[in-house]
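Below is one structure, written out as structure tokens; the observations come after it.
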Amino acid sequence: MTSASPNHHPVDHAKLEKLAEVAVKVGLQLQAGQDLLMTAPVAAMPLVRLITREAYKAGAGLVSTFYSDEETTLARYEYGHDASFDRAANWLYEGMAKAFSSNTARLAISGDNPMLLSSQDPNKVARANRANSAAYKPALEKISNFDTNWNIVSYPNPSWAKLVFPNDPEAIAVAKLAKAIFSASRVDVEDPIAAWAEHNANLHQRSAWMNGKRFAALHFQGPGTNLTVGLADGHEWHGGSSTAKNGITCNPNIPTEEVFTTPHALRVEGHVSSTKPLSHQGTLIDNIQVRFEDGRIVEAKATRGEEVLNKVLDTDEGARRLGEVALVPHSSPISASGILFYNTLFDENASCHIALGQCYSKCFIDGASLSQEQIKAQGGNSSLIHIDWMIGSDKVDIDGINADGSRVPVMRKGEWA
């Protein structure tokens, strides 16, 4: 057996170049003179270098990249003193918030091993996450309020690839994951930029239809699911590219298949079951079943990762309420691939989903001009967390409910009605 030699690298370089170009030109629409702040796993260095090149070609002011590394992350859990798990780099996140306030674009390359922390002490993981969430809040607010143009793309990190394709040798697993990422990110076609323009137009059309309907609520029905999600007052549906407060139109998620809006934090009733596992901070949470009363989760179960789920729900007052509801057809390319990515960026685009926690202020009519108080008054939720999980499948029907109680079919068996 021969190992993959360097000139037969499992990741197609030409497609990686296209992904870098799409990240800069479609994902960010980076403007001349704009600085870029990037975060990435060290394993994604080949993509970082290509994106940096594309950014400077597009006229970037300065590209600054912060790296994460699995070995160094694990070293903290192995050797870190107990008190260290309540610490976070506040200074770094304050700096990031400052950068976003002064029009710096934000790009994240995802690809870390989703199960990295699965064998660590869940209490330490929860404390580290809470400290990090609290420290990150000023920067996250700038992103969730869409102050600047931002984007997430992915790189097929070997440890992630081995999780998705456990029965393949590493090089083959990486090649398969790379292929899946390129396909979902629409860079395996002749002209990815044109493909994205067409895809964005379709998502805008869906959003416009939902906005024209002005439903008061959505009703989800399927195996283990009978859920009514009230929609926030003055909610607005979005999908595909949208314009940040700095005036730049970007595609925050590559890939994306969803149209989404803000639920009313106090008007969610009934029960719902997850249709795919949720990979959260290195733990797999499977078969989630929750029950809502007056918008709040009053009961939560999972066949795996239940302890972590309940710690997440106890993060703060808003963690038990919804901040997003999103519609994705079951026939989306990511769903059709049949791959469970263990990565929310992909898995959320395989099925309809809801998110616990923070809402997006842009999902309101004139959202940019609303104060936090107004957003809350209209039903918007506030929390340190924003965690998407999948509730759609080819067995789920969705009705839009009008203010007078009449119903309109929105999805049947997971497809747009």
Side-chain angles (χ1 to χ4, degrees), residues 9-32 34 36 38-40 44-60 63 65 105-111 149-157 160-161 164 174-207 238-244 248-259 328-329 331-339 341 343-350:
H9 195 271
V11 180
D12 181 328
H13 191 76
K15 292 198 176 75
L16 201 62
E17 285 182 322
K18 282 185 170 179
L19 183 59
E21 189 185 1
V22 163
V24 172
K25 292 181 180 170
V26 176
L28 294 175
Q29 274 206 35
L30 192 72
Q31 305 294 300
Q34 208 182 9
L36 172 60
M38 194 163 20
T39 55
M45 188 69 87
L47 182 56
V48 172
R49 289 175 177 147
L50 291 173
I51 287 174
T52 303
R53 249 173 44 184
E54 283 292 335
Y56 282 124
K57 281 201 260 182
V63 179
T65 305
R106 161 89 173 102
L107 194 143
I109 299 177
S110 84
N149 44 326
W150 61 275
N151 171 241
I152 309 176
V153 291
S154 293
Y155 185 82
N157 195 345
W160 175 26
V164 179
V174 169
K176 282 185 174 177
L177 183 56
K179 191 170 181 253
I181 289 171
F182 295 146
S183 167
S185 306
R186 298 172 190 269
V187 297
D188 58 350
V189 295
E190 193 59 41
D191 186 347
I193 309 280
W196 272 97
E198 186 187 344
H199 183 48
N200 278 323
N202 289 336
L203 291 170
H204 293 161
Q205 206 179 344
R206 292 280 176 212
S207 307
H238 284 268
S241 61
S242 48
T243 305
I248 299 169
T249 301
C250 63
N251 263 87
N253 289 359
I254 287 181
T256 184
E257 300 289 335
E258 58 178 343
V259 297
V328 178
S331 60
S332 91
I334 296 169
S335 173
S337 76
I339 298 170
F341 287 89
N343 175 318
T344 301
L345 179 63
F346 288 82
D347 292 333
E348 73 170 8
N349 284 300

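Identified under the side-chain hydrogen bond (donor to acceptor under 3.5 Å, both in side chains) test for residues 248-257, with sequence neighbours left out: Arg186-Glu257, Asn200-Asn251, Thr243-Thr249, Asn253-Glu348.
A 4.5 Å side-chain heavy-atom check between Ser241 and His204 finds at least one atom pair inside the cut-off. The closest side-chain heavy-atom distance from Pro156 to Val11 is below 4.5 Å.
A tilted orientation is assigned to the rings of Trp160 and Phe341, their planes being inclined by 30° to 60°.
The shortest heavy-atom contact between Val48 and Ala40 is CG2-CB, 3.5 Å. Scanning both residues, Leu203 and Gly239, for their nearest heavy atoms gives CB-C, 3.8 Å. Of all heavy-atom pairs between Ile152 and Leu345, the closest is CG2-CD2, 3.7 Å. Closest of all the heavy-atom pairs between Lys18 and Val189 is NZ-O, 2.8 Å. Pairing each heavy atom of Arg106 with each of Thr39, the nearest pair is NH1-OG1, 3.0 Å. Across all their heavy atoms, Gln34 and Leu30 have their closest contact at OE1-CD1, 3.4 Å.
Distance check: Ser335 OG to Asp347 CG gives 10.0 Å after rounding to the nearest 0.5 Å. To the nearest 0.5 Å, the span separating CG on Leu177 from OH on Tyr155 amounts to 10.0 Å. Atom CG of Leu28 is separated from atom CG of Asn149 by 6.0 Å, given to the nearest 0.5 angstrom. Distance CE/Met45 to CG/Leu50: 12.0 Å, rounded to 0.5 Å. For the atom pair CZ (Arg53) and CD1 (Ile51), the distance works out to 11.5 Å, reported to the nearest 0.5 Å. Taking CD1 of Ile254 as the reference point, atom CZ of Phe346 lies at 10.0 Å (rounded to 0.5 Å).
Judged by distance alone, with hydrogens and angles left aside, the side-chain atoms of Ser337 form a donor-acceptor pair with the main-chain N or O of Ile334 at under 3.5 Å. The main-chain N or O of Ser110 is never found under 3.5 Å from a side-chain atom of Asn343 such that the two would form a donor-acceptor pair.
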Task: Candidate pair Met38 and Thr52, rule side-chain contact (heavy atoms from CB on, under 4.5 Å), full reasoning - done: CA-CA 9 Å; Met38 194 163 20; Thr52 303; 3.6 Å; yes

Item to complete: Under the side-chain contact (heavy atoms from CB on, under 4.5 Å) rule, what do Tyr56 and Val24 come out as? Steps first, then yes or no, please.
Response: CA-CA 10 Å; Tyr56 282 124; Val24 172; over 6 Å; no

What verdict does the side-chain contact (heavy atoms from CB on, under 4.5 Å) test give for Glu17 and His13, after you've listed the backbone C-alpha separation in whole Å, the side-chain angles of each residue and the deciding distance to 0.1 Å? CA-CA 6 Å; Glu17 285 182 322; His13 191 76; 3.6 Å; yes

| request: Before giving the answer on side-chain contact (heavy atoms from CB on, under 4.5 Å), spell out for Val153 and Ser185 the whole-Å C-alpha distance, their side-chain angles and the decisive distance to 0.1 Å. | output: CA-CA 8 Å; Val153 291; Ser185 306; over 6 Å; no

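Under the salt bridge (charged side-chain N to carboxylate O under 4.0 Å, His left out) criterion, Asp191 pairs with no residue, sequence neighbours left out. Taking His199 as the reference, Trp196 meet the ring-ring contact (aromatic ring centres under 6.0 Å, His included) condition, with sequence neighbours excluded.
A salt bridge is defined here as a Lys NZ or Arg NE, NH1 or NH2 lying under 4.0 Å from an Asp or Glu carboxylate O, and Glu54 with Lys57 meets this definition.
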